[in-house]
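Model, not experiment: these values are computed from the prediction. A, B, ... follow the sequence lines: proteins, then strands. Residue 1 opens every chain.
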Amino acid sequence: DVKVTQSSRYLVKRTGEKVFLECVQDMDHENMFWYRQDPGLGLRLIYFSYDVKMKEKGDIPEGYSVSREKKERFSLILESASTNQTSMYLCASRETGQGVGYTFGSGTRLTVV
Amino acid sequence: GNSVTQMEGPVTLSEEAFLTINCTYTATGYPSLFWYVQYPGEGLQLLLKATKADDKGSNKGFEATYRKETTSFHLEKGSVQVSDSAVYFCALSDFYNQGGKLIFGQGTELSVKP
């Protein structure tokens with residue numbers, strides 16, 4: 001089975017800190033995604049990547065950046081954390097092709113105080 | 001653009017009741033359709049999928065049929081258990097439009113009481 005591993009289940013950070021959320025997948029998938037999930041707003045796409053060193057903005061990229069230096073790792077960066085970035089962050093990967101679903105990590109619940 | 005609409009929750013059922021969670025979609029091409037489940041404190045897991053019209057996806061007693069004529073993919077289970085309590089997400093992807101990105105519905109919370 002494909003495994004997507006997010007490095008932390010829970011994080012507490014201070015306002016203004018630079019925050020790194022790490023995601024690693026072990027099945028050589030080309031495509032990786034970062035979502036945030038908030039009550040009443042569902043899942044919203046932040047950034048995605050179709051290949052190494054390639055990134056595309058999703059629906060809500062403001063305040064975030066990403067890095068994909070290796071195929072298996074996709075990092076989400078909060079340049080200067082703010083309280084409105086308190087959320088559940090979900091990473092996913094998929095291989096290329098029609099009818100292929102995503103495999104999600106377990107999520108990181110980030111609290112910014 | 002493509003979109004997914006799910007029935008609002010929460011849905012509360014007694015154990016062994018019949019479950020239906022409605023999902024309809026709007027798509028310009030020929031999307032694949034998915035149901036994901038999220039248990040408390042966890043990420044999303046793929047529950048079932050269907051890739052073309054009239055396909056039926058099934059898993060763990062859950063079923064959904066891809067109905068192109070009604071643009072629907074309703075989730076059903078004949079007899080729910082307490083362990084089915086979770087949030088269920090309907091989603092679509094169209095590889096030839098929007099590169100296969102998943103578009104999610106808002107999610108429907110299911111609570112099953114003993």
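In this structure, B:E8 places its CD atom where only 12 or fewer heavy-atom neighbours from other residues, nucleotides or ligands lie under 6.0 Å away. Summarising the local packing, CD of B:E16 is surrounded by 12 or fewer heavy atoms from other residues, nucleotides or ligands at distances under 6.0 Å. Counting non-hydrogen atoms of neighbouring residues, nucleotides and ligands closer than 6.0 angstrom, the CZ atom of A:R44 exceeds 12 such neighbours.
Interface residues of residues 64-91 of chain A toward chain B, defined by a heavy-atom distance below 4.5 Å and sorted by number: A:M88, A:L90.
For a residue to count as touching a neighbouring chain, one of its non-hydrogen atoms must lie under 4.5 Å from one of that chain's; by this rule A:R9 touches chain B with the side chain only. Residue A:L45 touches chain B through its side chain alone, counting heavy-atom pairs closer than 4.5 Å. Using a 4.5 Å cut-off between heavy atoms, A:Q6 does not touch chain B at all. Neither the backbone nor the side chain of B:Q45 comes within less than 4.5 Å of any heavy atom of chain A.
Ring geometry for A:Y35 against A:Y102 counts as tilted: the plane angle lies between 30° and 60°, on a 0 to 90° scale.
Ranked by non-hydrogen atom pairs under 4.5 Å with chain B, the options A:G42, A:S106, A:G40 are led by A:S106.
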May I have the step-by-step check of side-chain contact (heavy atoms from CB on, under 4.5 Å) for B:W35 and B:Q6, ending in yes or no?
-> CA-CA 11 Å; B:W35 277 100; B:Q6 287 180 239; 3.8 Å; yes
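Side-chain atoms of B:S72 and B:N22, non-hydrogen and from C-beta on, never get closer than 4.5 Å to each other.
Hydrophobic clustering, with ILVMFWY side chains joined whenever heavy atoms are under 4.5 angstrom apart, groups B:V37 together with B:V4.
Between B:K60 and B:D84, none of the side-chain N atoms (NZ, or NE/NH1/NH2) sits under 4.0 Å from a carboxylate O, so this pair counts as no salt bridge.
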